[in-house]
Amino acid sequence: MQGLRAPPDDLSVLERQGACLLNWQQQGREQSNYNPRGGGYCRQMQTSFQALPSGCGGEKNANHGDVHGSIDCFSNGWPDLANIRYPVHGAANVEETSITNVSSNSSRKRKADKSPRSKEKENGGGGKGDSSCKRIKEETGGGATSETGQPNKKEAASGDASKKNDKPPKTDCIHVRARRGQATDSHSLAERVRRERISQRMKYLQDLVPGCSKITGKAGMLDEIINYVQSLQRQVEFLSMKLATASPLMDINIDNIFGREINPSCKSGSTAMIGMSSELLDQSYLRFDSLQHPHPCSGLDTFMDSSDLVLRQNVNPPVAVPDASFGSSFDVNGCSVWSTNLQSLYGVDFQQGRGAALPF
Amino acid sequence: MLSRTHFIYISACVAAFSPSCLLSFSVAAMQVTEAFKHAFLKQMLLGFQASAVSTNSMGFQERKNAIKLSADVAMAVARGSRKWTRGLIAGLSEEQQNRSFLQLILGEQYERRLMKPCYSSWKIPRCRKIVRRSLRVCCRRQKKKKNQSGVLARTLVEKRTQQLKRLVPGGESMDGFSLLDETLDYVLSLRAQVDLMQSLLTTVESSKLRSHSKRTLPERKASYVGK
């Protein structure tokens, strides 16, 4: 996620894009490259453009009359596009759906413009003043885009289309492109946006739920999702049952687990291990104090046992970690924090008079 | 000429956004981060300690319920603040026996969450007039064109949506789109929960095996001190 950064001011970017487009046109390649194949062309562009950040400027395929040859000029004229990363969860999705809808139409009918829009500048050299298209665009980032976008959209849909211009540039604006032969009133547009978002989410869920790639209906998909959620919940129940059978020994073993799991990943040796268990134990001790645990000595006993076991881990070579992900989840990052806990750990320990054998 | 250039421009935009589209999905997938695993395990073990799961005084069912409760709370806490997490905790706190446990675990956060209105039983308020009017329009439309298959499909979807709302915690008060969003998040968290519990189980079991196969504790300690 290092490439993520907030997009620059949208107008300026799009103005730049418009200028680049003009630049690109002047190179005179569009004649051979433009192929009104609709989605196929789009996809080709996508794949070749994806290769762009990696192989930027390296390829000079002047011979090809196809799209790949045109990528060179992209690398010259569209430097910004490769770097733009939209951190918005929902933004790019919506953008993609809108634009794939657009590109799926092989030709677009120009409709009379209803009202001037301030954002029409991005059309650049296209000169699309005679089209009544509204475009989907989401400017701000954050996970709340989908939520904030919806009220904005509804607000725009209910009122006149020109009201969108009054919105401050910081809030999300959703502009919808009208398709050929479809109603352009605000209600159906809003509904279409809503449906597209839902289908976008369904697509994500399709990727998530195993075995869903063949099912295309909404009802079937929902059925699969329900089954999957139910099975996961049942699995949680089953695992908690198994843990319940294993739990009488868990108190000691928990600390043992942490002691062992830290060892493979931690290079700094014993202190981190002891520190890790001590951090958890300290917290649990705080809980015990507030609880006024009925068996305080038993807690200390287990604590002592755990420290002995940790000792044992120090001396013994670590056993192979049964689950790599488990071990990897405990990092050495908090070592400095843990070392401050060591004092309290050994403080309690010394009170018991057993501190002699603990290594540092 | 105009249409062509515009088309190319649009497709270029798509090309620009498609890598970020993949990224955005991986953002969604990446929410099961190390931090999540950390928080989940820590919270769950704290829950175990607080409910004293390791003592032998509890019956099997009781222990199992306590473990499940700890796991659910851990998942909700590790995920942060989402609609389904709030719904989950609200649902759990509806039962009297869970409340003390939740209070313990969550501390002052619990009070804060209780102060917020409980959304699990909140239904989307609908004005009666509007509902009646829309029903009339729907009936009129249906009289015009009897689209049986469409109606059937829609009712199926409706039924399934209702079922999903019951499954996802806090789902009753969500509309269709946010329901799908929350389901996505919930499924990811559930998967992570299952994986983490599985790994915890395997390590507990393997450590149990190891400890059974070793000698008793004092002998070991004596031998190590000598080294």
Side-chain angles (χ1 to χ4, degrees), chain A residues 21 25 30 34 42 45-46 49-50 81 84-86 89 92-93 95-96 99 102-103 108 126-128 146 197-198 201 204-205 208 218-219 222-223 225-226 229 232 235-236 239-244 246-251 253-254 256-257 284 287 308 311-312 315 322-323 325-326 329 357, chain B residues 2-6 8-11 13-21 24-25 27-28 34 37-38 45 49-50 53-54 56 60 63-64 67-68 71 153 156-157 160 163-164 167 176-177 180-181 183-184 187 190 193-194 197-199 201-208 217 220-221 224-225:
Chain A
L21 174 64
Q25 284 175 13
E30 81 260 46
Y34 175 67
C42 189
M45 294 274 290
Q46 280 179 33
F49 204 85
Q50 272 174 22
L81 284 181
I84 292 174
R85 296 279 182 266
Y86 287 82
H89 179 81
N93 320 335
E95 189 77 35
E96 192 202 38
I99 288 171
V102 162
S103 61
R108 251 195 323 267
K128 279 172 39 49
S146 54
R197 291 171 106 178
I198 288 182
R201 287 284 179 272
Y204 277 176
L205 280 165
L208 205 60
K218 198 169 169 184
L222 279 175
D223 206 23
I225 292 166
I226 287 169
V229 169
L232 283 173
Q235 261 183 309
V236 169
L239 281 171
S240 65
M241 196 173 68
K242 287 190 93 176
L243 276 170
S247 72
L249 294 170
M250 221 193 317
D251 202 36
N253 289 330
I254 285 167
N256 194 8
I257 287 165
S284 59
R287 300 278 184 221
D308 288 327
L311 246 186
R312 185 161 55 86
V315 183
D323 190 5
S325 69
F326 204 99
S329 57
Chain B
L2 276 173
S3 61
R4 226 183 295 152
T5 55
H6 194 81
I8 293 164
Y9 169 60
I10 294 301
S11 7
C13 283
V14 180
F17 292 133
S18 58
S20 54
C21 274
S24 66
F25 180 59
V27 165
E34 299 300 325
K37 289 185 198 166
H38 250 295
L45 292 168
Q49 307 270 23
V53 134
S54 54
N56 288 323
F60 176 71
R63 203 180 297 145
K64 180 194 115 177
I67 290 174
K68 183 161 188 299
L156 268 180
V157 169
R160 303 265 162 81
Q163 211 179 348
L164 190 61
L167 277 177
F177 178 69
L180 284 176
D181 208 16
T183 310
L184 191 70
V187 163
L190 270 181
Q193 186 188 30
V194 165
M197 282 178 80
Q198 183 75 53
S199 56
L201 184 67
T202 49
T203 44
V204 165
E205 284 182 342
S206 61
S207 71
K208 214 172 23 162
L217 192 56
R220 270 176 279 153
K221 190 169 178 296
Y224 294 148
V225 166

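Below, chain A is the first sequence line, B the second, and so on; all start at residue 1. Keep in mind the model is a prediction, meaning the values are calculated, not measured.
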Atom pair CD/CD of A/Q235 and B/Q198 - distance to nearest 0.5 Å: 8.0 Å

Minimal non-hydrogen separation, B/V194 against A/L232, with atom names: CG2-O, 3.9 Å

Gap between atom NZ of A/K242 and atom CD1 of B/I67 - 0.5 Å precision: 13.0 Å

Heavy-atom pair of closest approach, residues B/L180 and A/I198: CD1-CG2, 3.6 Å

Shortest non-hydrogen separation from B/L184 to A/L205 and the atoms involved: CD1-CD2, 3.6 Å

Minimal non-hydrogen separation, B/K64 against A/S240, with atom names: CG-OG, 3.8 Å

Approximate separation, where rounding is to 0.5 Å, of A/L243 CG and B/L201 CG: 5.0 Å

OG1-OH distance between B/T183 and A/Y204, expressed to the nearest 0.5 angstrom: 15.0 Å

